[in-house]
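Numbering of residues begins at 1 and proceeds along the displayed sequence.
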Amino acid sequence: MKVIGTISVCLLLMANLLFASSPEQQNKALAKRAFEELLSGGRFELAEQLYAKDFVNHGIHRDISLVEDQAALKGWHEAFPDVAIVPEKLIAEGDLVTIYWIARGTNTGTGNGLPATGKKVEQSGITIWRIVNGKIKEEWSAFDQLSMMQQLGLLPQKTSGGVSETEATGKKKE
């Protein structure tokens, strides 16, 4: 009877190992949820559940806190009320998750210093999150801001000859 009990316990432990998700899979699920519900969905109240209190977004020139990070995200939602930020590829290793994402939206509002242009934008970027104890603790992100400004018509677009469309035609593109 003891042998059957021991075998049963071993089988249960092995089943738990087989069906339990790895920390990397859990981190990817958290990242996907953050992108879908908070970044894209605008459910800002979830920030406390998803981010560590001492979260740091490492910018090129300075680090920002969770409060500043969420204020910037709210600004993007004000500028692009229909924004959808879709995580296309997620790669996890240890406590890091890298997300290649695509954002699409129409600039019908003002936010983050942008005027409302009424133009659609499609933008891709990469974000790396360090996740500790089930919460996002650090971030590194990059996206092509020049392309976004050109799509909004706020900067001239370069033609294949290296001159801007304005310089080539002598007038602004409408």
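Counting heavy atoms from C-beta on, the side chains of L66 and Q70 come closer than 4.5 Å. Inter-residue side-chain proximity for P115 and L154 is flagged as met; some heavy-atom pair is nearer than 4.5 Å. A 4.5 Å side-chain heavy-atom check between L38 and L73 finds at least one atom pair inside the cut-off. You'll find the side chain of L146 reaches within 4.5 Å of the side chain of L155, heavy atoms only. Side-chain contact between I131 and V97: present, with at least one pair of heavy atoms (C-beta onward) separated by less than 4.5 Å. You'll find the side chain of F55 stays beyond 4.5 Å of the side chain of E138, heavy atoms only. Two residues are said to be in side-chain contact when any heavy atoms from C-beta on lie closer than 4.5 Å; T127 and T98 fail this criterion. Using a 4.5 Å heavy-atom cutoff, the side chains of K137 and D54 are in contact.
Considering all non-hydrogen atoms of both residues, T106 and G118 come closest at CG2-O, 3.7 Å. For the pair G109 and P81, the tightest heavy-atom approach, listed with the atom from each and the gap, is N-CD, 4.2 Å. A84 approaches S40 most closely through the heavy-atom pair CA-OG, 3.2 Å. Shortest non-hydrogen contact noted between V121 and Q151 is CA-OE1, 3.3 Å. Among all heavy-atom pairs drawn from P87 and I85, the shortest one is CD-O, 3.7 Å.
Side-chain polar atoms of Q26 and S22 form no donor-acceptor pair below 3.5 angstrom. Side chains of Q49 and R43: a donor-acceptor N/O pair is absent below 3.5 angstrom, by distance only.
Listed by chain and residue number, nothing satisfies the salt bridge (Lys or Arg N to Asp or Glu O under 4.0 Å) test with K120 (two or more places apart in sequence, or in another chain). Scored by the salt bridge (Lys or Arg N to Asp or Glu O under 4.0 Å) test, D95 finds R130 as partners (sequence neighbours excluded). For E48, there are no salt bridge (Lys or Arg N to Asp or Glu O under 4.0 Å) partners two or more places apart in sequence or in a different chain. By the ring pair (Phe, Tyr, Trp, His ring centres under 6.0 Å) test, Y100 pairs with no residue at all, sequence neighbours left out.
To the nearest 0.5 Å, the span separating CG on L30 from CD1 on I136 amounts to 4.5 Å. Y51 OH to S65 OG: the interatomic distance, rounded to the nearest 0.5 Å, is 12.5 Å. Between the CD atom of E78 and the CG atom of N107 there is a distance of 12.0 Å, given to the nearest 0.5 Å. Atom CG in L114 sits 13.0 Å away from atom NZ in K119 (nearest 0.5 Å). Atom CD in Q123 sits 9.0 Å away from atom CG in L152 (nearest 0.5 Å). Expressed to the nearest 0.5 Å, how far CZ of R104 lies from OG of S124 amounts to 9.5 Å.
Transitive grouping of hydrophobic side chains (ILVMFWY, heavy atoms separated by less than 4.5 Å) keeps V86 and I126 in distinct clusters. When the side chains of ILVMFWY residues are joined at heavy-atom separations under 4.5 Å, either directly or via intervening members, L96 and I99 end up in two distinct hydrophobic clusters.
More than 12 heavy atoms of other residues, nucleotides or ligands sit less than 6.0 Å from atom NZ of K135. Within a 6.0 Å radius of CD in E88, more than 12 heavy atoms belonging to other residues, nucleotides or ligands are found.
Counting only residues at least two apart or on different chains, the ring pair (Phe, Tyr, Trp, His ring centres under 6.0 Å) pairs with a member in residues 109-138 are F35-W129. Residue pairs meeting the ring pair (Phe, Tyr, Trp, His ring centres under 6.0 Å) criterion with at least one member in residues 56-80, sequence neighbours excluded: F44-H77, H58-W140.
Side-chain atoms of N27 never come within 3.5 Å of backbone atoms of G134 as a donor-acceptor pair (strictly under, hydrogens ignored).
In this structure, E68 pairs ionically with R62, as a charged nitrogen and a carboxylate oxygen lie closer than 4.0 Å.
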